[in-house]
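Because only heavy atoms are used, hydrogens play no part in the values below, and waters and symmetry mates are left out as well, while side chains stay in.
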Amino acid sequence: MGRTLGEILDAAARGQFPPPDGGTTVVAQENHRDAGVIAFTAHSVVFTDEDPAWVRSTLAGIECDGLAATMNPRFLAALMDRTGRRHDTIDLMTVAGPLPGEPPVALRELADRDHPRVVRARARRDDVRVWAADGGVVVLGRGIAGRWETAIEVDEHVRHRGLGRALATAARHLVPDGAPVWSQQAAGNARSIRAFQAAGFRPVGSEALLIAR
């Protein structure tokens, strides 16, 4: 298994995962912005600059199944208190490889840096680019450990027409350098999960991102 978060994620994108041994790996943050927890099958990765001994002792005190401790609300709350960070939700973490050629939907890149979707994305990603389609947008930027991440939005009046799937697929055509592209979906957002899986994104774990205030 890789020794840095970036190496661990690169391996996961290739289908190579940490051993399902019930363990927890603690690695340093790769930048100040991003800290949190990633849970693979029976193995978790906590990325934080806090003392690994504190992480392990806190996990040992959580009253739950040991395999679930890193994503338990009590541990996440303790990590937020310790780091002074905030947290929104636990997401399904998915990844897909790049695709050649043009996207399956007509897109125009937005140059407006004050567009609400651009502003929101820049709070969590670097090198953000946003493209608009008729009824939706697709976002691409560098997120955790510098990986390429995408997000989409579909207007309510054009839902159930396959646009979400087309936008998610478009991200695979837009990602540069032949890199994999990652995306996160809230567990309750069934429409988004279906759209990304229909576009070829495969689930590899769950993610709790802690955001610097």
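The shortest distance between side-chain heavy atoms of R202 and Q197 does not fall below 4.5 Å. Between F196 and L92 the shortest side-chain heavy-atom distance does not fall below 4.5 Å. Residues F47 and I38 are in side-chain contact: their nearest non-hydrogen atoms beyond the backbone lie under 4.5 Å apart. Using a 4.5 Å heavy-atom cutoff, the side chains of V95 and F201 are not in contact. Contact check for I144 versus L9: side-chain heavy atoms found under the 4.5 Å cut-off. Proximity of L79 to T58: side-chain heavy atoms (C-beta onward) are nowhere separated by under 4.5 Å. Within the 4.5 Å cutoff, the side chain of V55 has heavy atoms near those of the T48 side chain.
Rounding to the nearest 0.5 Å gives a distance of 10.0 Å between OG1 of T41 and CG of L67. In this structure, H87 NE2 and T89 OG1 are separated by 6.0 Å, a value rounded to the nearest 0.5 Å. The distance from the CZ atom of R194 to the OG atom of S192 is 10.0 Å, given to the nearest 0.5 Å. Residue H173 holds its NE2 atom at 10.0 Å from CG of L107, rounded to the nearest 0.5 Å. Residue I193 holds its CD1 atom at 6.0 Å from CD of Q185, rounded to the nearest 0.5 Å. Taking CZ of R165 as the reference point, atom CD1 of I152 lies at 10.5 Å (rounded to 0.5 Å).
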Query raised in the report: Going through the distances and angles, do R124 and D88 end up as a salt bridge (charged side-chain N to carboxylate O under 4.0 Å, His left out)?
Result: CA-CA 12 Å; R124 302 187 181 197; D88 291 331; 2.2 Å; yes
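There is no side-chain donor-acceptor pair under 3.5 Å between T24 and H43. Side chain to side chain, E50 and T83 fail the donor-acceptor criterion of an N or O pair below 3.5 Å.
Not one N or O on the side chain of D177 forms a donor-acceptor pair closer than 3.5 Å with the backbone of A179.
Between P103 and A170, the shortest heavy-atom contact is CB-CB, 3.7 Å. The two residues V175 and P98 come nearest to each other via the heavy atoms CG1-CB, 3.8 Å. The minimum heavy-atom distance between L76 and T70, with the atom names listed, is CD2-O, 3.6 Å. For the pair V181 and R172, the tightest heavy-atom approach, listed with the atom from each and the gap, is CG1-CG, 4.1 Å. Taking both residues in full, the closest heavy atoms of V204 and A12 are given as CG1-O, 4.4 Å, listed atom of the first, atom of the second, then distance. In plain terms, the two heavy atoms of W54 and A78 that are nearest each other are CH2-O, 3.7 Å.
The pair D126-R33 counts as a salt bridge, with a side-chain nitrogen and a carboxylate oxygen less than 4.0 angstrom apart.
Hydrophobic clustering, with ILVMFWY side chains joined whenever heavy atoms are under 4.5 angstrom apart, keeps V37 apart from F40. In terms of hydrophobic clustering, with Ile, Leu, Val, Met, Phe, Trp and Tyr side chains grouped at heavy-atom distances under 4.5 Å, W182 and I90 are assigned to different clusters. M80 and I62 end up in the same hydrophobic cluster when Ile, Leu, Val, Met, Phe, Trp and Tyr side chains are linked at under 4.5 Å. There is no path of hydrophobic side-chain contacts, each under 4.5 Å, that joins V26 to L5.
Judged as a side chain to side chain contact (heavy atoms under 4.5 Å, CB included), and not counting sequence neighbours, P73 has no contacts.
Residue R74 places its CZ atom among 12 or fewer non-hydrogen atoms of other residues, nucleotides or ligands, all under 6.0 Å distant. Under a cut-off of 6.0 angstrom, the local environment of CD in Q16 is crowded, with over 12 non-hydrogen atoms contributed by other residues, nucleotides or ligands.
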Name every donor-acceptor pair, under 3.5 Å, that has one atom in a side chain of residues 127-143 and the other anywhere in the protein, sequence neighbours excluded.
from, atom 1, to, atom 2, distance (Å)
R129, NE, E109, OE2, 2.8
R129, NH2, E109, OE1, 2.8
R129, NH2, E109, OE2, 3.4
R142, NH1, G146, O, 2.5

Tell me which donor-acceptor pairs under 3.5 Å the side chains of residues 206-213 have, and how far apart each pair is, sequence neighbours excluded?
from, atom 1, to, atom 2, distance (Å)
E207, OE1, R147, NH2, 2.6
R213, NE, G84, O, 3.3

